[in-house]
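Here is the structure we will look at.
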2 protein chains.
Amino acid sequence: MEVTLKDVAAQVGVAPSTVSRALNRKAGVSERTRSAILATAKRLGYIPNAAARGLARKRTESLGFLVNPQQLLRPDAFYLEILEGVEQVTQERGYQLVFSTENAKVLLKAKRVDGLILAGCDLKQSTILLLKRRGIPLILVDNHLEFDQIDSVVIDNVSGAYTAVAHLAELGHRTIGFIAERLDDLNFSERFEGYRRALQAYGLPYDQALVASGPAELSGKPEDATLYGQIAMQRLLKLKLPTAVFAANDGAAAGALRAIRAAGLRVPEELAIVGFDDGFIARHTEPLLTTMRVHRREMGQVAARLLLERIAAPDQPVRQVKFSAQLIVRASSGKELAREVRDDPKLSRPAEASRTSAKYISLGGIFSC
Amino acid sequence: MEVTLKDVAAQVGVAPSTVSRALNRKAGVSERTRSAILATAKRLGYIPNAAARGLARKRTESLGFLVNPQQLLRPDAFYLEILEGVEQVTQERGYQLVFSTENAKVLLKAKRVDGLILAGCDLKQSTILLLKRRGIPLILVDNHLEFDQIDSVVIDNVSGAYTAVAHLAELGHRTIGFIAERLDDLNFSERFEGYRRALQAYGLPYDQALVASGPAELSGKPEDATLYGQIAMQRLLKLKLPTAVFAANDGAAAGALRAIRAAGLRVPEELAIVGFDDGFIARHTEPLLTTMRVHRREMGQVAARLLLERIAAPDQPVRQVKFSAQLIVRASSGKELAREVRDDPKLSRPAEASRTSAKYISLGGIFSC
DNA sequence: TTGAAAGCGCTAACAT
DNA sequence: ATGTTAGCGCTTTCAA
C-alpha cells in the first residue's frame, strides 16, 4: 500500500494534523517537529494523495486547458507554445494541467479543475459564457470578449500591424497591400485596423484594391492558411500591383510568396512582404520572412499566473494583459527603396510613431507581471 | 453549493448507496428506482465529484501524457496529433487527460494518474524504468524498449523504409542515397535498416558514400531537422551523386530539397526524393513530397486503449502494436526513369516485396483493435 | 432490491 | 505547539 500521512505521523509519533501542517508549511509547528516530519516523510517516500487533498480542500489543484482542435494542429504550433508556457507555471506551482480539445462535456471537465484557460478565438462564445455563468474561473488567451468581463491575455494586434506597415513605409513603400486568409477573425481584423492606421499616419491613401483575403468558405483545415494566403495574393495581384504587402500572419505570407513567385516577381526587390507571428515558417521561407514576433510562451505563462490569482481572489477587478509584438527584420522586406522614390514629397512621416515599448498594458492602467 | 449524490438521494427518497449503484449502472437496482434516480440526477444537474470518487475507488480516472518538450514543438506537430488521438479516447471513456512535458516531479504527476502515456523516443530511459518499477501502468508511443517489457505502439519503420526505397527502385533508380538528420535515433536507425534491406532485395550494392547524416552535435532544436537534412544532403552530394534519395523523415527531405536546389539539380528529373511521416511539410515543399504516411492520430487512439486495457488487467501479456506506413506518391519521386536505364539487366526485381498489409502486428501474433 | 455504516486520505475547526 | 474530532462526497461491504 501507499505511504499515507498517517504512516508518517505514526513514525514520527505525532498526530496526522501536525504532519499536515508541517507539510503544508503552515504556522504553528515547532522547528524541531517540522524537520523531523519532513525527514521521515522523505525517507518513507510519502507522496500526498491528490484526491484526498482535493476532497478536503474543495479544490483540485489543477488547471484545464481548452483549445479548438483545428487550431491545435496549426503547423506553426502556435497554441502549443502557449501550452508550454502554461505547463511551466502549473508545474512550478504544483498544479496539474488537464488538457482538452473543445468537445462536448465541457462542464464535466470544468468540474474537475479549479480554473480554465481558454485558448484561441475559435472557441464558441456560447461555451465561454456557459462556463462563466457557472462561476468557473476563466482566462482567455489570444481572445477576448467585447462586453463580458473576463480576464484575458492578448496580442496588441493594432500596434503590431502598425509597426509592420510603418516598417514598410519607412523603407519607402507607398503602395502597400494587405492580405489575410480571412477577415472575420478577431486577430486579423485588428491587424487590418493597424494597417489602416499606419497608412493614415504615413499619409498613404487607403485603396480597397490593395486588400484581399482567401475564399469565404473555409476549409476548416488550419494548415490551409498558406493556401488561402496564396489565393489572397493572387487576387491582389490581379487588382493592383503594390510594392509591398503586409500579411496578417506568417502562413498567409508564405502562401503569398508562392503566388508572387508564380507571378514571376522577385522578393524583396519587386515586392516586399512582412508577416505576423514569427512562427516556425518565418525562418523557412525563401527569402526569410520579416515578421512581427508574438511571445507565445510568455503569454501562456502570464495566463496561468493570472488565472491562479483569479482563483485566489475571485473578486478582484477584471484584467487584460496585452503583449506587444516585436518587429523582426529579415530578408523579405529588403532594404530601402531607391532615393527618388523615397524623397517623393507625398511620403510624409508621422509626427510620432506610436510604438508601444511597454510589454504589458492593462485595461485599467499599467500592469506588471 | 454543488449538488451531491446525497441531495439526489434525498430528492428521490432512497439511500445514497442506491443512487451510487444506479449512476454506475451496477446490478441490483430495480428499473423503476434507477430511472427515477437518473431523472432527478439530471434535473438537479448532478455532476459527480471526481476527487471523492477517486478517493473511494482508489483511482483517478485520468491518464497522463508525457512528452519531451523539444519534441512537442516539432513543426510537424507529430506528437500533437498523437495527443489528439489520445484525447479522443480519454474523452469517450470519461477519463481526464493530464498533460506534462518531461520535467522533474514525474513521480508526483504519476501519482495523480491511473496510467501514463510516454510519447517519443527522447524520454530518458531512466525515467521510464523508474516509473515502471513503481508499478505505474505505462505505454510507450513511437518508442519501445528492447529488453524491458512495456506495452508500446510503434511505426513499422523497417518495412516502411523498405517500401519507400522499393518505390524508387521500381521507378528504375539504381543509386539510391540515404540521409537522416542523425542516425542514433531509434526510428531513423530502423529506417536505415529498411533502406539496406530494400537495396539487397533489389540487388543494389550498399555504398557507404551514399549515406549521410547531419552534424554529430545536435542543436536540440527540433525545428533544425530541416537544417540537418540540408547539411546531410550537402555532404552526400560531395561524396557521390545518386539519382534518388530516401530521407529518414520529411524535415530532412525538405532540407535536402534546399541543398539539391542550391546545387542546381532538378527534382525529380535529376534527383528523386522520398521522405517519411507525411507531415504538414510534405504538402508544402516544391515539388510536393512523396513520403510514407504515419498514422499518428490512430497511434494515439490505440495507445490510450491499450493503456486502459492494461489498467483494467495489469497481468495480461505485454503487447506491441506496430503501424505500417503508407506510401503516398507525390511529385518528388517523379515518373519512371528512361527505358534504357530500366532495362539494365543488373536491376533485378525481388521475388516478393514484403509489403505489410496488416495494420496491426502484435508481438505474439495478430492483434486487432 | 435496498439501506446502514464504515472508510478512502486528507484538512481544518476546535480543544488543550 | 500539538492533539482530537468531524467531515469532504463517494463507494463498498455487510445486513436486512
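So that the names make sense, note that chain A is the first sequence line, chain B the second, and so on, each numbered from 1. Reckoned from all heavy atoms, side chains included, excluding hydrogens, waters and symmetry mates.
- With C:dT2, C:dG7, D:dT2 as the candidates, the nucleotide lying closest to the side chain of B:Ser30 is C:dT2.
- In this structure a side-chain-to-backbone donor-acceptor pair under 3.5 Å is missing from A:Ser100 to A:Gly64.
- Judged purely by atom type and a 3.5 angstrom limit, A:Ser20 has no side-chain atom pairing as donor or acceptor with the backbone of A:Pro16.
- In this structure, CZ of B:Arg53 is placed 21 Å from P of C:dC10, rounded to the nearest angstrom.
- Comparing A:Thr4 and B:Gly28, the nucleotide of DNA chain C nearest to each residue sits closer to the 5' end for B:Gly28.
- Under the 3.5 Å distance criterion, the side-chain polar atoms of B:Thr33 are left unmatched by any main-chain donor or acceptor of B:Val29.
- With 3.5 Å as the limit, one finds no donor-acceptor pair spanning the side chains of A:Gln96 and A:Thr90.
- Classification of the A:Phe99-B:Phe99 ring pair by plane angle, with boundaries at 30° and 60°, yields tilted.
- Contact check of residues 7-23 of chain A against DNA chain C (heavy atom, cut-off under 4.0 Å) returns A:Ser17, A:Ser20, A:Arg21.
- Spacing between atom CG of A:Asn24 and atom P of C:dA13 amounts to 13 Å, rounded to whole angstrom units.
- Atom NZ in A:Lys26 sits roughly 7 Å away from atom C1' in C:dA12 (whole-Å rounding).
- Between the CD atom of B:Glu2 and the C1' atom of D:dC10 there is a distance of 15 Å, rounded to whole Å.
- Under 4.0 angstrom from either OP1 or OP2 of D:dC8 there lies no side-chain N or O belonging to B:Asn49.
- Salt-bridge formation is detected for the pair B:Arg319/B:Glu309: a Lys NZ or Arg NE/NH1/NH2 atom is positioned less than 4.0 Å from an Asp or Glu carboxylate oxygen.
- One axis for each end of the helix from C:dT1-D:dA16 to C:dT16-D:dA1, each built from five base pairs, and the angle between them comes to 40° at 10° resolution.
- The listed nucleotides are C:dC10, D:dA1, D:dG9; the one nearest the side chain of A:Tyr46 is C:dC10.
- Atom P of nucleotide D:dT4 and atom NZ of A:Lys6 are separated by 13 Å, given to the nearest angstrom.
- Between the side chain of A:Arg296 and the main chain of A:Leu83, no donor-acceptor pair closer than 3.5 Å is present.
- Side-chain contact, B:Gln11 with B:Thr40: no donor N or O sits under 3.5 Å from an acceptor N or O.
- Judged purely by distance below 3.5 Å, without hydrogens or angles, the side chains of A:Tyr79 and A:Asn68 never pair a donor atom with an acceptor atom.
- Checking the phosphate oxygens (OP1, OP2) of C:dG7, no side-chain nitrogen or oxygen of B:Lys58 falls inside 4.0 Å.
- Two residues, A:Arg57 and A:Val29, neighbour DNA chain D, and the one matched to the more 5' nucleotide by heavy-atom proximity is A:Val29.
- In this structure, B:Arg59 places its CZ atom 15 Å from P of C:dG9, rounding to the nearest Å.
- When each of D:dT11, C:dC10, D:dG9 is scored by its nearest atom to the side-chain atoms of B:Leu5, the top-ranked nucleotide is D:dT11.
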